[in-house]
Trainee: 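Quick one: structure below, then a few questions.
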Amino acid sequence: MFKKLLIANRGEIAVRILRACRDLGVAGVAVYSDVDRAALHVRMANEAYAIGPAPSRESYLRIDKFIDVARRSGCDALHPGYGFLAENPELPRACADAGIAFVGPPAEAMERLGAKTAARELAFRAGVPMVPGVREPILQLEAARRVADEIGYPVLLKAVAGGGGKGMRLVSGAHELASAWRDAASEALNAFGDERVYIEKYLDRPRHIEMQIFADAHGNVVYLGERECSVQRRHQKVIEEAPSPFMTPELRRAMGEAAVRLAREAGYTNAGTAEFLVDANHNFYFLEVNTRLQVEHPVTEAVTGLDLVELQLRVAAGEQLSITQKDMTLRGHAMECRIYAEDPQNHFFPSPGKIISWRPPHGPGIRLDEGVYSGWTVPGDYDPLLAKLIASGAGRTEVMARLQRALSEFQITGIRTNTILFEKILANPEFQKGAIHTRWLDERLASLLPARATDARSPSEALEIKVAMVAAALWHVGQTKSANEEPAQSVPRWRDDGRREQISRTPDR
Ligand code: MV4
């Protein structure tokens with residue numbers, strides 16, 4: 001096992017990795033940008049190094065700084081967490097050059113799976129089912145026309161470099177193709193510096209179900225069951241669960257074996273996730289592979305009894321996988337809520353700032369992976385994920401009850417969070433039945449969330465809401481003044497950032 005691990009990340013995932021280090025007797029080294037000096041992951045680590053200013057381009061995205069810290073502190077391994085550099089093949093390359101083990105797949109496997117068309121080509125060779133479409137980028141509008149006519153409308157244009165729905169356009173008929181083509185290419189160029197686009201048949205309201213795989217360097221590859229991730233808002237996962245309420249043993253086996261074939265074909269090692277779309281007839285279609293540990297890994301940990309970060313470190317250190325497919329059993333159910341510093345009642349604008357109080361839930365079946373603490377100021381410079389709340393238990397009904405109990409106990413003041421969204425989702429009869437799909441949340445958001453003053457049903461209701469808002473604002477100002485010596489920023493920068501982000505997001509089609 002390694003002696004010392006550099007955790008090239010921040011927030012709750014850095015804390016999660018530090019915990020695995022403690023359990024394994026590995027020293028964990030933290031890094032921090034200027035605004036993260038007092039962050040939880042820094043406080044929990046025995047050793048921490050400054051890596052630069054707040055903007056991630058100058059800190060958490062700087063490979064040279066990580067390698068420098070790893071060298072100076074004597075680390076023999078590096079874990080990238082998720083986000084930032086986690087799927088950038090230059091990081092494992094730089095680690096190899098510096099003689100540091102990278103906790104993740106080889107650079108070559110990342111590259112084989114990075115471009116969506118390359119991944120589709122690989123999936124094709126591995127006999128993995130995929131959405132009808134092409135396996136190479138389409139370079140000209142005329143070629144796009146031929147392909148779209150052949151597979152039949154509606155089609156979806158997707159960015160080769162894609163991910164997160166960026167550079168994606170739905171085309172319902174031939175008359176829309178030319179403008180959608182231009183939009184997709186320019187958005188892709190803007191987001192990824194790569195304007196190439198490819199085409200798939202459009203599936204209406206599929207589920208998003210992903211399969212966790214694990215591979216060691218000795219040729220052993222296993223699948224660890226699926227996660228249902230259909231509840232998303234604008235391509236951001238909101239609630240994930242394992243197992244999927246839609247899953248059958250046959251489908252799980254078919255999907256799992258397909259994911260394992262894909263991993264073998266890619267020369268993959270360590271933790272990975274194959275994403276699939278699943279239609280109402282239990283047909284599954286390959287989407288893409290995420291070559292990292294994912295935010296939602298705890299629900300898989302809950303139903304497998306495994307520690308995935310421990311497994312990652314063992315596999316990276318050259319150990320054989322301790323589990324075989326035969327002795328893999330799934331037990332019970334688990335569900336995760338992503339607690340964000342954002343305001344569901346105000347267009348989900350980010351809501352960073354000082355946490356005045358943080359009183360987390362506890363009790364049977366509850367796990368909280370948090371990256372913050374009472375009194376800390378959440379910076380506006382990064383993804384505003386504060387914590388992941390995970391409930392587990394014997395069955396889905398029990399798990400939903402436990403999550404609702406935990407949410408009702410959770411008290412956070414000083415910043416806005418999205419907990420009300422989870423209360424609404426968990427109380428929804430369709431969600432309770434598991435009748436969800438990839439557009440479910442976006443289609444129901446307006447009816448799930450309480451009315452704002454602007455859409456009150458009567459003038460008196462509008463007045464009532466406004467009075468409540470003013471009272472809340474006054475209370476908030478008083479709170480901040482007494483508990484916090486610093487005067488409030490007159491023009492908070494994060495608010496502009498939030499608006500800019502909101503504007504730059506493309507409307508969903
Ligand atoms: C699709 C699709 C329907 N048909 N592909 C969205 C992000 C990207 N990773 C793939 N996505 C989709 N691809 C075909 N051929 C619908 C989506 C999609 C989606 C997928 C997963 C989770 C949420 C989603 C929300 C909207 C659309």
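When reading the values below, keep in mind they use all heavy atoms of this one structure, side chains included, and skip hydrogens, waters and symmetry mates. Just follow the structure's listing: the first ligand is 1, and inside any ligand the first atom is 1.
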Trainee: For K237, is there an ion pair with E210 - N to carboxylate O distance below 4.0 angstrom?
Mentor: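 Yes, E210 and K237 are salt-bridged.
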
Trainee: To which protein heavy atom is atom 27 (C) of ligand 1 closest, and what is the distance rounded to 0.1 Å?
Mentor: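 Going by distance alone, atom 27 (C) of ligand 1 is nearest to H235 CE1, 3.7 Å.
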
Trainee: How about Q212 and H297: does a side-chain donor come under 3.5 Å of a side-chain acceptor?
Mentor: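 No, no side-chain donor-acceptor pair sits under 3.5 Å.
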
Trainee: If every non-hydrogen atom of I151 is compared with every non-hydrogen atom of P132, which pair is closest and at what distance?
Mentor: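 In terms of heavy atoms, the two residues are closest at CD1-O, 4.3 Å.
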
Trainee: Which atoms of ligand 1 are found less than 4.0 Å from any heavy atom of L156?
Mentor: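 Atoms satisfying the 4.0 Å criterion: 1 (C), 2 (C), 3 (C), 4 (N), 5 (N), 13 (N), 14 (C).
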
Trainee: Can you check whether R439 has an N/O within less than 3.5 Å of an N/O in ligand 1?
Mentor: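 In fact, backbone or side chain, R439 has no N or O that close.
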
Trainee: Provide, to 0.1 Å, the distance between atom 5 (N) of ligand 1 and the closest protein heavy atom, together with that atom's residue and name.
Mentor: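 Checked against all protein heavy atoms, atom 5 (N) of ligand 1 sits closest to K158 NZ, 2.9 Å.
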
Trainee: Within the 4.0 Å heavy-atom shell around K201, which atoms of ligand 1 are there?
Mentor: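 Heavy-atom distances to K201 below 4.0 Å select 4 (N), 14 (C), 15 (N).
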
Trainee: Are side-chain N/O atoms of S33 and R10 paired as donor and acceptor at under 3.5 Å?
Mentor: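 Checked: S33/R10 side chains show no N/O donor-acceptor pair below 3.5 Å.
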
Trainee: Give a yes or no on whether a salt bridge exists between R338 and E296, defined as a side-chain N under 4.0 angstrom from a carboxylate O.
Mentor: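 The answer is yes: the pair qualifies as a salt bridge.
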
Trainee: Please confirm whether L287 comes within less than 3.5 Å of ligand 1 when only nitrogen or oxygen atoms on both sides are compared.
Mentor: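 No: no nitrogen or oxygen of L287 is under 3.5 Å from one in ligand 1.
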
Trainee: What protein heavy atom is closest to atom 4 (N) of ligand 1, reported as residue, atom name and distance in Å?
Mentor: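 Atom 4 (N) of ligand 1 sits closest to the protein heavy atom L203 N, 2.9 Å.
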
Trainee: Quick one: nearest non-hydrogen protein atom to atom 9 (N) of ligand 1, plus distance?
Mentor: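 The closest heavy atom on the protein side is E288 OE1, 3.3 Å.
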
Trainee: Could you see which bit of L277 sits under 4.0 Å from ligand 1, with heavy atoms only: side chain, backbone, both or neither?
Mentor: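 Contact part for L277 vs ligand 1: side chain (C-beta onward).
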
Trainee: Side chain, backbone, both or neither: which part of V131 comes within less than 4.0 Å of ligand 1 when only heavy atoms are counted?
Mentor: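 Within the 4.0 Å criterion, V131 contacts ligand 1 through side-chain atoms alone.
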
Trainee: I need the nearest protein heavy-atom contact for atom 21 (C) of ligand 1: residue, atom name and distance, please.
Mentor: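 Result: H208 ND1, 3.1 Å.
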
Trainee: Which protein non-hydrogen atom lies closest to atom 17 (C) of ligand 1, naming both residue and atom, and how far is it?
Mentor: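 Of every protein heavy atom, M168 CE, 4.2 Å lies nearest to atom 17 (C) of ligand 1.
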
Trainee: Does any part of the side chain of N9, heavy atoms only, come nearer than 4.5 Å to the side chain of H79, both counted from C-beta?
Mentor: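 They are not in side-chain contact.
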
Trainee: Between H282 and F246, is the gap from one ring center to the other below 6.0 Å?
Mentor: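 They qualify: ring centres under 6.0 Å apart.
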
Trainee: In plain terms, say whether E288 and R120 are close enough for a salt bridge, that is, a side-chain N and a carboxylate O under 4.0 Å apart.
Mentor: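 Judged by the 4.0 Å cut-off on N to carboxylate O distance, E288 and R120 do not form a salt bridge.
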
Trainee: Below 4.0 angstrom, N of the basic side chain to O of the carboxylate: do E150 and R145 qualify?
Mentor: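 Looking at E150 and R145, the cut-off is not met.
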
Trainee: With a 4.0 Å cut-off on heavy atoms, is K237 touching ligand 1?
Mentor: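 Checking ligand 1 against K237, which is what was asked, there is no heavy-atom contact under 4.0 Å.
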
Trainee: So which heavy atom in the protein is nearest atom 24 (C) of ligand 1, and how far is it from that ligand atom?
Mentor: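 That would be T438 CB, 3.4 Å.
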
Trainee: Considering non-hydrogen atoms of the protein only, which is the closest contact for atom 23 (C) of ligand 1, and what is the distance?
Mentor: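 Ranking protein heavy atoms by distance from atom 23 (C) of ligand 1, first comes Q232 OE1, 3.3 Å.
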
Trainee: Can you confirm whether the side chains of Y60 and D36 place a donor and an acceptor under 3.5 Å from each other?
Mentor: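 Yes, because at least one side-chain N or O of Y60 sits under 3.5 Å from a partner of the opposite role on D36.
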
